[in-house]
2 protein chains.
Amino acid sequence: MERSRTSDKRNRILRAAVKVFAAKGFYVARVSDVAREAGVADGTIYLYFASKGDLLRGLFEENMERLIEQVRGVSAKHDSAASRLSQIWSDYVVFVQSEPELAEVLTVELRESGKFMNEFAADLFGAFLRLIVEVIADGQSRGELRRDVSARTVARLMFGAFDELSLSWVMSKNKWDLERSGKEALTIFLDGLRPKTSE
Amino acid sequence: MERSRTSDKRNRILRAAVKVFAAKGFYVARVSDVAREAGVADGTIYLYFASKGDLLRGLFEENMERLIEQVRGVSAKHDSAASRLSQIWSDYVVFVQSEPELAEVLTVELRESGKFMNEFAADLFGAFLRLIVEVIADGQSRGELRRDVSARTVARLMFGAFDELSLSWVMSKNKWDLERSGKEALTIFLDGLRPKTSE
DNA sequence: CTTAACTGACTGAATGGTCATTCACCGTGC
DNA sequence: GCACGGTGAATGACCATTCAGTCAGTTAAG
């Protein structure tokens, strides 16, 4: 009796926030900018979110969970580390291409926001990373990936590499083929992670 | 007649800004926080910098140039792509370890600040990246590195990977060995970039 | 069917607090 | 005395947040 109509407005506000935060950055963006973009009054935002910071928090929460869920599903459908990694990153590329503004907000604001909502953002991000560490470690223990490097390090490397790749794609307003670059990146990593023949 | 005595104060302010921005983030930090940390009056900052934003800009400028100069020097002293890359990253690790707060500000604020001082920050960063692209492309043309991947993509990948690695080291207050992780990372990349035997 | 209360989502002008920036005024050295 | 680096209280903007009021709809009564 309330959820049905309100959820529409809450989502309108979230979508507007993504757009505005992507364009100006969280700190420069005004709450009234978000309100205008969403087509609601300034005050309405406070019926759905406790504060400007809470708006950003809500944005992270809903979307990161979606991404994490997706990655979680990959391991079930693929068995080799190589095909899992390949699937994770190609899903990520699809996400970035279909929602570039959201991708921009998640990657850019996550860094700065660590400063004011530490535990929270770090936890969501940590969960994402942990899934990748598991995939790597699993691949190592099956002998599919070299064992002389730390799974944690590899996960960070790969995440950092793909994160930078997508961010620069988004910021440059896609003047090149992200999918192709992603494939190249994956090839390099997979070749670099082959078990040493001496093992 | 002014530079000699003032440069001391200007540097005090810059160093204080690094400390404060690293701890709270640029937007949350107050100009008066920087003044207190530097041991000067609020107004004094405006004798050396036109605005709060200009302070951040000055910070980028001086330090990025230093980094770029360092990278530029590497190519002269090393001839193979592998040893150049190895040297660039080990210099970078030294930098991060000796000035973690500065490293944090440069990497975190560079992203968000792209929003309000676009061309400027992007140019400095672009110059840095271009040097790496050159090293890669040169290695490819000599047959030291595989040619079936774009030099631009490889440069971004490597930068992203090392950037993420150092950032997470800085943020986690160094609970692990950055130098070791960096070496592992480099090994993976170099193995992954070996020319295909079929070539 | 009409009118009268009532509800609660929504509105946006007003409030209050928070700084970046300024500038009238020191004190020290020449 | 004056020139100048330095000072820090005062100023003025700028917003996040609030809240008194509007309005569309819903029920209740006559």
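Residue numbering restarts at 1 for every chain, and letters A, B, ... go by the order of the sequence lines.
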**Item:** Heavy-atom side-chain proximity of B:Val31 to B:Tyr46 below 4.5 angstrom
**Value:** yes
**For atom CG of B:Leu56 and atom P of C:dA20, their distance in whole Å** = 13 Å
**Message:** For A:Asp191, give me all partners under side-chain contact (heavy atoms from CB on, under 4.5 Å), at least two apart in sequence or on another chain.
**Reply:** A:Thr187, A:Arg194, B:Arg146, B:Lys196
**Asked** Between C:dA9, D:dT7, C:dA20, which nucleotide gets closest to the side-chain atoms of B:Lys52?
**Response** C:dA20
Name every donor-acceptor pair, under 3.5 Å, that has one atom in a side chain of residues 94-110 of chain B and the other anywhere in the protein, sequence neighbours excluded.
unit_1: B:Ser98; atom_1: OG; unit_2: B:Val94; atom_2: O; d: 3.0
unit_1: B:Ser98; atom_1: OG; unit_2: B:Phe95; atom_2: O; d: 3.3
unit_1: B:Glu99; atom_1: OE2; unit_2: B:Arg66; atom_2: NH1; d: 3.3
unit_1: B:Glu99; atom_1: OE2; unit_2: B:Arg66; atom_2: NH2; d: 3.2
unit_1: B:Glu104; atom_1: OE2; unit_2: A:Lys115; atom_2: NZ; d: 3.3
unit_1: B:Thr107; atom_1: OG1; unit_2: B:Ala103; atom_2: O; d: 3.0
unit_1: B:Thr107; atom_1: OG1; unit_2: B:Glu104; atom_2: O; d: 3.4
unit_1: B:Glu109; atom_1: OE2; unit_2: B:Phe26; atom_2: N; d: 3.3

**Prompt:** Taking only residues two or more places apart in sequence, or in another chain, which ones meet A:Ala151 in a side-chain contact (heavy atoms from CB on, under 4.5 Å)?
**Reply:** A:Val133, A:Ile136, A:Ala137, A:Gln140
**Prompt:** Would you say the side chain of B:Glu144 lies within less than 4.5 Å of the side chain of B:Pro195, judging by non-hydrogen atoms?
**Reply:** no
**Test salt bridge (charged side-chain N to carboxylate O under 4.0 Å, His left out) applied to B:Glu62 - qualifying residues, sequence neighbours left out** = B:Arg10
**Complete:** Hits for salt bridge (charged side-chain N to carboxylate O under 4.0 Å, His left out) against A:Lys52, two or more places apart or cross-chain, chain-then-number order -> none
**Request:** List for me each residue that meets side-chain contact (heavy atoms from CB on, under 4.5 Å) alongside A:Asp54, sequence neighbours excluded, and say none if there are none.
**Result:** A:Phe49, A:Ala50, A:Ser51, A:Arg57
**Item:** Under-4.0 Å side-chain N/O to phosphate OP1/OP2 contact, A:Lys9 with C:dC10
**Value:** yes
Pick out the pairs of N or O atoms, protein on one side and nucleotides 18-24 of chain D on the other, that lie under 3.5 Å.
none

**Message:** Could you work out, with side-chain contact (heavy atoms from CB on, under 4.5 Å) as the rule, every residue matching B:Asp91, not counting sequence neighbours?
**Reply:** B:Gln70, B:Val74, B:Gln87
**Prompt:** Tell me: CZ of A:Phe49 to P of D:dA16, nearest whole Å?
**Reply:** 15 Å
**Prompt:** What's the CZ-P distance between B:Arg10 and D:dG5, to the nearest Å?
**Reply:** 15 Å
For nucleotides 27-30 of chain C, tabulate all protein N/O to nucleotide N/O atom pairs closer than 3.5 Å, reporting atom names and distance.
none

**Item:** Separation of atom CG in A:Leu47 from atom P in C:dT11, rounded to whole Å
**Value:** 9 Å
**Asked** Do any of residues 28-41 of chain A sit with a heavy atom less than 4.0 Å from DNA chain D, and if so which?
**Response** A:Ala29, A:Arg30, A:Val31
**Prompt:** To the nearest Å, how far apart are B:Tyr27 OH and C:dT18 C1'?
**Reply:** 17 Å
**Spacing between B:Ile45 atom CD1 and D:dG5 atom C1', to the nearest angstrom** = 15 Å
**Message:** I need the full list of side chain to side chain donor-acceptor pair (under 3.5 Å) pairs touching residues 26-42 of chain A, with sequence neighbours left out, sorted by first then second residue.
**Reply:** A:Lys24-A:Asp33
**Request:** Using the test salt bridge (charged side-chain N to carboxylate O under 4.0 Å, His left out), find all partners of B:Arg156 that sit at least two apart in sequence or belong to another chain.
**Result:** A:Glu164
**Asked** Can you tell me how far P of C:dT21 sits from CD1 of B:Ile13, to the nearest Å?
**Response** 14 Å
